[in-house]
Chemist: 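Can you keep this structure in mind? I'll have questions shortly.
The structure displayed is predicted, hence computed values, not measured ones. A note on names: the letters A, B, ... follow the listed sequences, proteins ahead of strands, and every chain is numbered from 1.
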Protein chains: 2
Amino acid sequence: MKKTPKYEQIANQLRDRINAGEYQANELMPDQVSLAEEFSVSRMTIKKALDTLALEGLIYTRRGDGTHVMGDISLKIETNSPADEHRGLTAFFGQDRVTSKIIRFDILFPNEALQSHLKLNKNEPIFDIVRLRLVDEKPYVLEHTYMPQKLMPNLSEDILANSIYDYLKNDVGLKLSGAYRKIHAVFADDLDIEYLQCRPNDPVLEVEQVAWLADGTPFEYSFSRNRYDARSYTVLDINQGNA
Amino acid sequence: MKKTPKYEQIANQLRDRINAGEYQANELMPDQVSLAEEFSVSRMTIKKALDTLALEGLIYTRRGDGTHVMGDISLKIETNSPADEHRGLTAFFGQDRVTSKIIRFDILFPNEALQSHLKLNKNEPIFDIVRLRLVDEKPYVLEHTYMPQKLMPNLSEDILANSIYDYLKNDVGLKLSGAYRKIHAVFADDLDIEYLQCRPNDPVLEVEQVAWLADGTPFEYSFSRNRYDARSYTVLDINQGNA
DNA sequence: AAGTGGTCTAGACCACCGT
DNA sequence: CGGTGGTCTAGACCACTTG
């Protein structure tokens, strides 16, 4: 049983109202004092809920004016693969639609680059995993993943066939915290050609990632490779009032 | 003259201390009560300053434990081109290093896609701009930009030679607010080959962007094309405690 | 001038982690 | 258990936009 903070509950309700069209795009929302009365909370709590929605790009606020509902952003609507994806593919598409074909599952000692990325010394073994992820039976992304063995000693092929993230979260009890990603355009390599059915010289969208736990420990270094015509990567960048 | 909030001043000071090594990586920072005393502010204000740093990935907090300084993230260190780049190239590299070669500067009526992206009707003309941006005299990125004429009626080639963003912010008085980006891998086209000196069939990293003002009006739709071997795109994704 | 959102306070209670 | 961070309050003052 977990407790959801008031500001989060309120943010959820307000988000629902916006999505339901109860507050129209480019119109004003009720002012913070009214909302505080409606929800029987202090204005600071309302403010925090609104901050959440502003970070999501749903509203914007202007001192002296009010809180506006943001009109739809064209690129946002077309979007299908959000930046916030370190919860994994299964969380996004649902367990039924995602399957995995294991192409490699080895264990080895890390080279210098991997020692640095995962903050390990050369004697701490890592898993070396290559998986083809399929959505609705169709090749979606080819993932090359390195993870420290010591964090997940019981990793097996059965787990790899499903979601590693679910395993780490639910069975091992690790808490995921964040990720740093670097996005490149590269040439298709032999594996891309074989499994993603790329042609030689096709461009490939590669997402290089270091992900870490709530205590700051890196737990994953990975490359995700995508067909250039099948997938893109989207980012929402909200300017926090400074400029 | 503008007034900087206390929490922002404090966040800046604490950030400096972390970067100076005054608070060591993977060590605890002073607790919030102590910091509140040191800066003579309430604990809520300290909390807000720390939230800022947590969003930047510099620290992480654990209930019942304390505030930890995040160890360095490997990809973050190598990084040179941050996601937060809608302030423009000149703001990042400095005015002296960035020059622009104007390849196209036209005005035309928007097609349906552009009407949708920029929320215009078919009778409102837009600028159609192609610029090669050079850093230290070397080709860096090829930018194809569409902007509504009505927002910036006096745009000229002189301005294009420098920073459009500086012009919009300082001379026109527009307030930039946010951007939605979609990142693709694509084939080099004729312009890429000519100006970025790509070879035919080279992959190109393309960033498609819709940017909008503080009042929610879209003011720019653009494509930035980069040589695959010259540039990447980085994103920091911090999980806000939920999962 | 009136009304809005942004900041800040002083204190309270709670949830969580360590011992 | 003591100490930590997370939330929340009721009120205050300020900065800003609009009439």
Chemist: Pairs in or reaching into residues 108-118 of chain B: which pass salt bridge (charged side-chain N to carboxylate O under 4.0 Å, His left out), with residues at least two apart or in two chains?
Modeler: none
Chemist: Can you list, by residue number, the residues of residues 35-43 of chain A that have a non-hydrogen atom closer than 4.0 angstrom to DNA chain C?
Modeler: A/Arg43
Chemist: I want to confirm an ordering. Mapping B/Ser34 and A/Arg63 to their closest nucleotides on DNA chain D, which one lands closer to the 5' end?
Modeler: B/Ser34
Chemist: What parts of residues 17-32 of chain B reach DNA chain D, counting only heavy atoms under 4.0 Å away?
Modeler: B/Asp31, B/Gln32
Chemist: In whole angstrom, what separates B/Asp65's CG from C/dC17's P?
Modeler: 9 Å
Chemist: Quick one: A/Ile59 CD1 to C/dG5 C1', roughly how many Å, whole number?
Modeler: 11 Å
Chemist: Taking NZ, NE, NH1 and NH2 as the nitrogens, is one of them in B/Arg181 or A/Asp237 under 4.0 Å from a carboxylate oxygen of the other?
Modeler: yes
Chemist: Does anything in residues 21-37 of chain A form a salt bridge (charged side-chain N to carboxylate O under 4.0 Å, His left out)? List the pairs, not counting sequence neighbours.
Modeler: none
Chemist: A/Glu56: what forms a side chain to side chain donor-acceptor pair (under 3.5 Å) with it, not counting sequence neighbours?
Modeler: A/Arg15
Chemist: Between A/Thr61 and A/Gly64, who's closer to the 5' end of DNA chain C by nearest nucleotide?
Modeler: A/Gly64
Chemist: What residues form a salt bridge (charged side-chain N to carboxylate O under 4.0 Å, His left out) with B/Asp171, not counting sequence neighbours?
Modeler: none
Chemist: Identify all side-chain donor-acceptor contacts of residues 145-153 of chain A below 3.5 Å with residues at least two apart in sequence or on another chain.
Modeler:
unit_1: A/Tyr146; atom_1: OH; unit_2: A/His144; atom_2: NE2; d: 3.1
unit_1: A/Lys150; atom_1: NZ; unit_2: A/Glu124; atom_2: OE2; d: 2.9

Chemist: Please tell me whether A/Phe219 and A/Tyr221 form a close aromatic pair, meaning their ring centres lie under 6.0 Å apart.
Modeler: no
Chemist: Not counting sequence neighbours, which residues clear side chain to side chain donor-acceptor pair (under 3.5 Å) with B/Gln115? List them please.
Modeler: none
Chemist: Considering only heavy atoms of chain A and a distance under 4.0 Å, specify the first and last nucleotide of DNA chain D in 5' to 3' order that meet this criterion.
Modeler: D/dT7 to D/dT18
Chemist: Could you state the atom-to-atom distance from NZ of B/Lys48 to P of C/dG5 in whole Å?
Modeler: 15 Å
Chemist: Provide the full list of ring pair (Phe, Tyr, Trp, His ring centres under 6.0 Å) pairs with a residue in residues 13-61 of chain A, sequence neighbours left out, each pair given once.
Modeler: A/Tyr60-A/His68
Chemist: For A/Arg133, what residues pass the salt bridge (charged side-chain N to carboxylate O under 4.0 Å, His left out) criterion, not counting sequence neighbours?
Modeler: A/Glu143
Chemist: Holding to side chain to side chain donor-acceptor pair (under 3.5 Å), I want the full list of residues that pass it with B/Glu38, two or more places apart in sequence or in another chain.
Modeler: B/Arg17
